[in-house]
Amino acid sequence: FTASFVLMSGGPGSGKGTQCEKIVAKYGYTHLSSGDLLRAEVASGSERGKQLQAIMQKGELVPLDTVLDMIKEAMIAKADVSKGYLIDGYPREVKQGEEFEKKIGAPALLLYVDAKAETMVKRLMKRGETSGRADDNEETIKKRLDLYYKATEPVIAYYEKCSIVRKINSELPVDEVFAIVEKAIDELK
Ligand SMILES: Nc1ncnc2c1ncn2[C@H]1C[C@H](O)[C@@H](COP(=O)(O)OP(=O)(O)O)O1
Ligand SMILES: [Mg+2]
C-alpha cells in the first residue's frame with residue numbers, strides 16, 4: 001500500500017464514526033470501520049455472519065484473523081483510488097496491533113478520540129433509539145466499555161512508544177472536535 005493509514009481509536013460512542021465521516025468528506029480517505037464490515041457480513045446472512053452475530057451480541061471481540069482479513073480485502077479493493085485509509089475500531093487489543101503491522105504495515109497516525117465513560121454511555125443510549133444496532137443497549141454497552149478499558153486502552157499505550165498518538169478531546173461539539181482532527185491530519189503532509 002502506498003497511501004498512509006490513520007487509526008481511529010476511542011471507546012464505543014466516543015465519536016469515531018462521526019469524525020471519520022468528516023475526514024472522508026474533506027480528505028477523500030477510504031473509511032474502513034471494522035464494525036461496519038462485520039455488520040455487513042452479518043446482514044449477508046452467511047454462515048460466518050451468523051457466528052459473528054452471536055459474538056457481537058454478547059459484546060465480545062471477534063477473532064483476530066477474521067477482522068484483519070476483512071480489512072485487508074477492503075483495502076485492496078480500494079488501493080488504486082485511495083488517498084489514505086482511515087481504520088476505525090481496529091486494533092481493539094495489542095495483539096491485533098501487532099498483526100496489523102505484520103500483515104499490512106505501520107500506521108502514520110493514531111487519533112485517540114477521548115470522551116468520559118459517562119458521555120459515551122449517554123451517546124450510545126441515544127444512538128440506540130434509532131441505530132437498530134443489537135449492541136446499543138444498556139447491558140451490552142457496559143460490557144463494551146469494560147472491554148474497551150481493559151483491552152483497547154493498552155493499544156494506545158503501545159502506539160505511544162512510536163509517537164504517533166494524538167489525543168482528541170471529544171467532549172467538545174462535533175465541529176470543534178473536527179478542528180483538532182484537521183490539525184493532526186494536516187501535519188502528516
Ligand atoms: N462531539 C460530539 N458531541 C455530541 N454527540 C456526538 C459527538 N460525536 C458523536 N456524537 C454522537 C453521534 C452518535 O449518535 C453517538 C456516537 O457517535 P459515533 O460516531 O457513532 O461513535 P463511535 O463510532 O465511536 O461508536 O454520539
Ligand atoms: Mg463507530
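Note that ligands are numbered from 1 as they come in the structure, with each ligand's atoms numbered from 1 the same way. For this chain, numbers begin at 1 and follow the sequence in order.
Below 30°, between 30° and 60°, or above 60°: for Phe100 and Phe5 the angle between ring planes is above 60°, a perpendicular geometry.
Here is the list of ligand 1 atoms found below 4.0 Å of a heavy atom in Ser170: 1 (N). Atoms of ligand 1 lying under 4.0 Å from at least one heavy atom of Gly17, given by number and element, are 19 (O), 22 (P), 23 (O). Close approach of ligand 1 to Leu172 (heavy-atom distance below 4.0 Å) involves ligand atoms 1 (N), 2 (C), 3 (N).
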So Ser170 and Asp114, side chain to side chain donor-acceptor pair (under 3.5 Å) or not? Walk me through it.
-> CA-CA 5 Å; Ser170 184; Asp114 184 41; over 6 Å; no
Is there a side chain to side chain donor-acceptor pair (under 3.5 Å) between Glu41 and Ser46 once you walk through the steps?
-> CA-CA 7 Å; Glu41 184 77 33; Ser46 68; 2.9 Å; yes
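No side-chain N or O of Glu93 forms a donor-acceptor pair with one of Thr152 less than 3.5 Å apart.
Cation-pi geometry between Lys83 and Tyr29 is not met: the NZ or CZ atom fails to fall both under 6.0 Å from the ring centre and inside 45° of the normal.
Residue, atom and distance of the protein heavy atom nearest to atom 19 (O) of ligand 1 are Thr18 OG1, 2.6 Å. For atom 2 (C) of ligand 1, the nearest protein heavy atom (residue, atom name, distance) is Arg123 NH2, 3.3 Å. Atom 14 (O) of ligand 1 has Arg127 CB, 3.8 Å as its closest protein atom, hydrogens excluded (heavy atom only). Nearest protein neighbour of atom 21 (O) of ligand 1, counting heavy atoms only, is Gly15 N, 3.2 Å.
Taking Glu101 as the reference, Ala106, Pro107, Tyr158, Tyr159 meet the side chain to side chain contact (heavy atoms under 4.5 Å, CB included) condition, with sequence neighbours excluded. For Lys116, the salt bridge (Lys or Arg N to Asp or Glu O under 4.0 Å) criterion is met by no residue, not counting sequence neighbours.
Residue Gly13 places at least one N or O, backbone or side chain, under 3.5 Å from an N or O of ligand 1. Any N or O atom pair closer than 3.5 Å counts here, and Lys16 shares at least one such pair with ligand 1.
Note on ligand 1: Gly10 sits outside its first shell, no heavy atom being nearer than 4.0 Å. Contact analysis puts Gly11 in contact with ligand 1, with a non-hydrogen atom separation below 4.0 angstrom.
Ile180 and Val174 are assigned to two separate hydrophobic clusters, defined by single-linkage of ILVMFWY side chains at heavy-atom distances under 4.5 Å.
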